[in-house]
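Structure first, then comments.
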Amino acid sequence: MLARLLCLASFIAVADCMTGRPNIIIMLMDDMGWGDVGINGNWAKETPNIDKMAAEGMLFMDFYTANPLCSPSRAALMTGRLPIRNGFYSTNAHARNAYTPQTIVGGIHEYEELLPKLLKQADYKSKIIGKWHLGHRRQFLPCNRGFDEFFGSGNCHFGPFDDKKTPNIPVYKNDKMVGRYYTNFTIVKGTGQSNISQIFLAEGLSFIEAQSSSKNPFFLYWTPDATHDPNYASPMFHGKSIRGRYGDAVMEMDYCVGKILEKLKELKIEKNTFVFFTSDNGAATYRRRDGGDNGPFLCGKETTYEGGMREPGVAWWPGSIPAGTITHQLGNIMDLFTTSLTLAGVKPPQDRIIDGIDLSPILLDQTAPLIDRPIWYYRGNEMMAVRVGAYKAHYWMWTQFGKDPLKFTFCRGQYIQNVTVHDQINNTDQPILFNVNRDPGEKYIIGPKSKEYKTAMAIIDPIVKAHKEALEPGVPSLNYCDVSVQNWAPPGCEELNYCLPVPQSNPKLCVWDH
């Protein structure tokens, strides 16, 4: 522990003096809310392993994603950069959330430096298990973007499809398809039964065992999607949760977390393995009973209110991270990029802006001061809000498209006058301000004539101005869609005799409704 603290004196010191560079495991859940875990107050108390992980490590109370939707947040994790910089956004309409459905033409840009490729500089072996979502065409798949191994899918597990108008989603082992969801990897949509999470768990445990045996430092990106609609769980968890089908999936994720940590202890490598647990975006409140819990926060997935972007965050590294610690450090999913590189002794790219900060001082030293940094809330091509310290300023607001005041579907059951709005509202001249420490639900607007408002905005406005002046948006990857780029004939389909006819190309601008 002391040796690692001394290493924090400088980046060079970390690279030079840290012996036995730690293995790195990032567990990224899908659409799991801040309030879905017991340690954050979930009433059902059905996540004993995640809660134990927090008790043995560090709980982040203020941990954020970089976007309220899956694909851009994952791009931010892999690059350490905001989606507006790495290109995972759309300019087809203002402030629209875009992602990577089967019809998307683009993917993560070739010029972006991804975490697994950078970790190769320190001889790390890497594997992604689960949902990739940064482009499903051959050039964008994980093994072509730095990962050594891949088991999972380029897309979410939507379906079943008819393989005529829309193909079923392929599942890959490394660079070749080994089947498709529903057809070969069963998901019973009517009941929500599937063994896929157990397959993902077995793949993870096998990889850990192999790398431990070979004495290789490794990076495991474990990203199952059972908590994404349509939810699924294996028979051992099906019908077990008092929260219904979504709760079944959460219970299985908790079980898998426990098994992975148990394996590290069994192999006696837990003291040389840094593990972080979080989610890609807030719970999907529009799913009603099949969606998750965002705790005390406003709204959910798709929105830039707290419920859409504040996530569970747990760091675990026995012997290095003090057990039972809680931090109010403002953290972001992009920080996992920079922190992982620092722990591995690899310098982040120097030719571009990296938005993720190094959290290792906070992780390894309880006496370290909190790092002063902003949290940016982007929706597509627009900066909607920013948090600085306890204060969050909304420069734009938008809850949901449509005119029916009874259908705040992204904020199910929540209505706050002048806050949860159907139309895009530009507050740039006088941002809406909240203190999200004392008002985490963003219910009580701080009056613009108050001393508190003027003092806070005097700090926030210059930060926003500097950010916008220095911002160079990346080329948008998510503007074009084409039915011909769907998963008709993925790599490896010939060996399975499961290639489908490819329709004529017809590229169009994607329509992003919200």
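- Counting all heavy atoms, side chain and backbone alike, N195 lies closest to P235 at OD1-CD, 3.3 Å.
- Contacts of N427 classified as side chain to side chain donor-acceptor pair (under 3.5 Å), with partners at least two apart in sequence or in another chain: none.
- Across every non-hydrogen atom of P22 and L343, the tightest pair is CD-O, 3.4 Å.
- Taking the side chain as every heavy atom from C-beta outward, L261 and E270 never approach each other to under 4.5 Å.
- Between the side chain of H238 and the main chain of T191, a donor-acceptor pair closer than 3.5 Å is present.
- In this structure a side-chain-to-backbone donor-acceptor pair under 3.5 Å is present from D280 to D31.
- Checked against the 6.0 Å centroid threshold, Y377 and H394 do not count as a close aromatic pair.
- Take K131 and apply the salt bridge (Lys or Arg N to Asp or Glu O under 4.0 Å) test, not counting sequence neighbours, and it matches D30.
- With rounding to the nearest 0.5 angstrom, the CD atom of E252 is 8.5 Å from the OG atom of S194.
- Counting only distance, with no hydrogens or angles, the side chain of E442 and the backbone of V419 share no donor-acceptor pair below 3.5 Å.
- Considering only residues two or more places apart in sequence or on other chains, D335 meets the salt bridge (Lys or Arg N to Asp or Glu O under 4.0 Å) condition with R373.
- No side-chain heavy atom of P440 sits less than 4.5 Å from a side-chain heavy atom of E306.
- Nearest approach of G247 to E46, heavy atoms of both residues: O-OE1, 4.4 Å.
- In terms of modelled atom types and a separation under 3.5 Å, the side chain of N281 and the main chain of G308 share no donor-acceptor contact.
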Inset, instruction - List the steps and the verdict of side chain to side chain donor-acceptor pair (under 3.5 Å) for T273 and N23. - result: CA-CA 4 Å; T273 305; N23 308 308; 3.1 Å; yes
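- Here the CG-CE distance, from N294 to M32, works out to 11.5 Å after rounding to the nearest 0.5 Å.
- More than 12 heavy-atom neighbours from other residues, nucleotides or ligands sit within 6.0 angstrom of CZ on R438.
- Evaluation of the salt bridge (Lys or Arg N to Asp or Glu O under 4.0 Å) rule for K45 yields no partner, not counting sequence neighbours.
- Distance alone, capped at 3.5 Å, places no donor-acceptor pair between the T100 side chain and the S71 backbone.
- Between P312 and N40 the shortest side-chain heavy-atom distance falls below 4.5 Å.
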Under 3.5 Å donor-acceptor pairs involving side-chain atoms of residues 459-469, not counting sequence neighbours:
| from | atom 1 | to | atom 2 | distance (Å) |
| --- | --- | --- | --- | --- |
| D461 | OD1 | Y395 | OH | 2.7 |
| H467 | NE2 | Y378 | OH | 2.7 |

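- Partner of M78 under the side chain to side chain contact (heavy atoms under 4.5 Å, CB included) criterion, out of F337, F147, F88: F147 alone.
- Looking only at distances, no side-chain donor or acceptor of R352 sits under 3.5 Å from a matching main-chain atom of R85.
- With sequence neighbours left out, R81 forms a salt bridge (Lys or Arg N to Asp or Glu O under 4.0 Å) with E112.
- Within the model, atoms CG of D365 and OG of S360 stand 10.0 Å from one another, a figure rounded to the nearest 0.5 Å.
- The closest side-chain heavy-atom distance from M53 to V275 is below 4.5 Å.
- Taking all atoms of both residues into account, the shortest heavy-atom contact from V436 to R310 is O-NH2, 3.9 Å.
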Inset, instruction - List the steps and the verdict of side-chain contact (heavy atoms from CB on, under 4.5 Å) for I371 and Q329. - result: CA-CA 7 Å; I371 302 167; Q329 170 65 50; 3.6 Å; yes
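- The minimum heavy-atom distance between S197 and Y232, with the atom names listed, is OG-CE1, 3.5 Å.
- No donor-acceptor pair under 3.5 Å is formed between the side chain of Q102 and the backbone N or O of N155.
- With hydrogens and angles ignored, the 3.5 Å screen pairs a side-chain donor or acceptor of N42 with a backbone N or O of G35.
- Annotation: the span from M397 atom CE to I416 atom CD1 amounts to 9.0 Å, rounded to 0.5 Å.
- Heavy-atom minimum distance, D36 versus T47: O-CG2, 3.8 Å.
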Legend entry - Step-by-step side chain to side chain donor-acceptor pair (under 3.5 Å) determination, S477 to H109: CA-CA 7 Å; S477 296; H109 286 306; 3.1 Å; yes
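- F297 has its ring centre less than 6.0 Å from the ring centre of W34.
- Side-chain atoms of K189 come within 3.5 Å of backbone N or O of G159 as a donor-acceptor pair.
- In this structure, C411 and C299 have their SG atoms less than 2.5 Å from one another.
- Salt bridge K265/E262: absent, no basic N to carboxylate O contact under 4.0 Å.
- Taking CD1 from I375 and CG from D355, the interatomic distance works out to 10.5 Å, rounded to the nearest 0.5 Å.
- Counting only heavy atoms from C-beta outward, the side chains of K127 and P142 never approach each other to under 4.5 Å.
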Inset, instruction - Carefully, step by step, assess H328 and N437 under the rule side-chain contact (heavy atoms from CB on, under 4.5 Å). - result: CA-CA 10 Å; H328 286 281; N437 279 350; 5.6 Å; no
Inset, instruction - Might you work through the side-chain contact (heavy atoms from CB on, under 4.5 Å) test for W512 and Y99, ending with a clear yes or no? - result: CA-CA 9 Å; W512 307 114; Y99 69 109; 3.6 Å; yes
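- Put simply, the side chain of Q414 does not reach to within 4.5 Å of the side chain of T285, judged on heavy atoms.
- With no hydrogens or angles considered, a side-chain donor-acceptor pair links T223 and R74 at under 3.5 Å.
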Legend entry - T399 vs T420, side chain to side chain donor-acceptor pair (under 3.5 Å): CA-CA, chis, key distance, verdict: CA-CA 5 Å; T399 304; T420 49; 4.9 Å; no
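- At least one donor-acceptor pair closer than 3.5 Å links the side chain of D248 to the backbone N or O of S241.
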Inset, instruction - Go through the steps to decide whether N479 and S90 satisfy the test side chain to side chain donor-acceptor pair (under 3.5 Å), and finish with yes or no. - result: CA-CA 5 Å; N479 277 353; S90 174; 2.8 Å; yes
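- Atom-to-atom distance recorded for L336:CG and I24:CD1 is 10.0 Å, nearest 0.5 angstrom.
- The ring-ring contact (aromatic ring centres under 6.0 Å, His included) test with F276 is passed by exactly one of W316, F60, W222, Y221: F60.
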Inset, instruction - Report the C-alpha distance between L363 and F274 in whole Å, list the side-chain angles of each, state the deciding distance to 0.1 Å, and finish with yes or no for side-chain contact (heavy atoms from CB on, under 4.5 Å). - result: CA-CA 10 Å; L363 295 169; F274 169 66; 3.7 Å; yes
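- When side chains are defined from C-beta on, R379 does not count as touching W396, because their heavy atoms never get closer than 4.5 Å.
- The shortest side-chain heavy-atom distance between W376 and M309 does not fall under the 4.5 Å cut-off.
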